[in-house]
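Working notes for the structure below.
Quick caveat, the model's predicted, so the values are computed rather than measured.
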Amino acid sequence: MAMYIRVKRNKTTYFIQCDPTEKILEIKQKLQVLIDKPVNDQRLISLSNGEVLEDSKTLAEQKVENDAKLALTLRKDDNEFEDINIVKPDDFYQSRDGMGEP
């Protein structure tokens with residue numbers, strides 16, 4: 001049964017078609033083609049519960065469902081992973097009166 005997930009990083013969202021039986025490693029391999037970063041330098045985190053997804057488990061085993069949103073973080077030079085950084089549409093608007101509305 002085909003499904004898709006949204007993988008978000010900074011200002012970009014990748015829509016990945018996949019199957020619930022695919023392992024996280026396979027999703028990272030699809031992302032490697034798009035972002036040119038090795039799978040070992042990628043980390044996927046479920047935005048619904050904040051859990052880091054394990055490469056050896058399937059999407060279904062980690063309760064990732066159709067239209068799920070995942071955060072992609074990359075390994076930095078110091079071998080640590082960067083923090084989640086996802087720009088929300090509201091971040092593009094600057095308030096004229098300080099009340100949050102453009």
Side-chain angles (χ1 to χ4, degrees):
M1 177 181 111
M3 60 184 255
Y4 75 95
I5 55 174
R6 299 175 196 217
V7 179
K8 297 175 161 277
R9 181 170 184 272
N10 298 332
K11 298 177 186 175
T12 306
T13 301
Y14 302 97
F15 292 86
I16 307 291
Q17 184 174 349
C18 51
D19 189 88
T21 60
E22 285 186 60
K23 295 184 186 292
I24 296 303
L25 182 62
E26 295 172 88
I27 304 302
K28 289 181 176 182
Q29 289 167 340
K30 291 179 180 184
L31 285 165
Q32 180 176 353
V33 173
L34 297 171
I35 65 172
D36 198 30
K37 296 286 183 186
V39 295
N40 291 339
D41 290 344
Q42 302 175 37
R43 181 168 66 179
L44 291 173
I45 302 165
S46 171
L47 288 174
S48 65
N49 61 17
E51 290 184 17
V52 175
L53 302 178
E54 295 180 40
D55 288 354
S56 61
K57 292 188 177 178
T58 66
L59 292 166
E61 288 173 328
Q62 297 183 92
K63 299 183 178 29
V64 176
E65 298 179 351
N66 186 47
D67 201 26
K69 295 176 186 81
L70 307 179
L72 170 65
T73 62
L74 301 175
R75 191 180 308 274
K76 301 184 292 186
D77 291 337
D78 61 3
N79 216 26
E80 294 292 317
F81 280 95
E82 63 193 9
D83 292 331
I84 295 175
N85 181 16
I86 299 172
V87 177
K88 297 177 181 71
D90 294 344
D91 295 344
F92 293 110
Y93 298 109
Q94 291 188 346
S95 171
R96 289 187 204 132
D97 60 4
M99 300 301 288
E101 291 295 320

F15: hydrophobic cluster co-members (side-chain, 4.5 Å): Y4

Under 3.5 Å: donor-acceptor pair, side chain of Q62, backbone of E54: yes

Distance-only criterion, 3.5 Å: show the donor-acceptor pairs between side-chain atoms of residues 31-42 and protein atoms not counting sequence neighbours.
residue, atom, partner, partner atom, Å
D41, OD1, R75, NE, 3.1
Q42, NE2, K28, O, 3.2
Q42, NE2, K37, O, 2.9

Side chain proximity check, L72 to L44, heavy atoms < 4.5 angstrom: yes

D77 CG: over 12 foreign heavy atoms closer than 6.0 Å: no

Euclidean distance, E65 CD relative to I5 CD1, rounded to 0.5 Å: 12.5 Å

Shortest non-hydrogen contact between L59 and M3, atoms and distance: CD1-CE, 4.2 Å

Lys/Arg N to Asp/Glu carboxylate O, K63 vs E51, below 4.0 Å: no

Spacing of CD1 belonging to I86 relative to CG belonging to N10, to within rounding of 0.5 Å: 8.5 Å

Closest contact, heavy atoms only, S46 versus L70: CA-CD2, 3.8 Å

Side chain to side chain, K69 and S48, heavy atoms closer than 4.5 Å: no

Side-chain donor-acceptor contacts of residues 20-27 below 3.5 Å, not counting sequence neighbours, with atom names and distances?
residue, atom, partner, partner atom, Å
T21, OG1, D19, OD2, 2.6
E22, OE1, K30, NZ, 3.1
E22, OE2, D19, N, 2.8
E22, OE2, K30, NZ, 3.2
K23, NZ, S56, O, 3.2
E26, OE2, K23, N, 2.7

Qualifying residue, where the test is side-chain contact (heavy atoms from CB on, under 4.5 Å) with T73 and the options are I84, D83, V52: I84

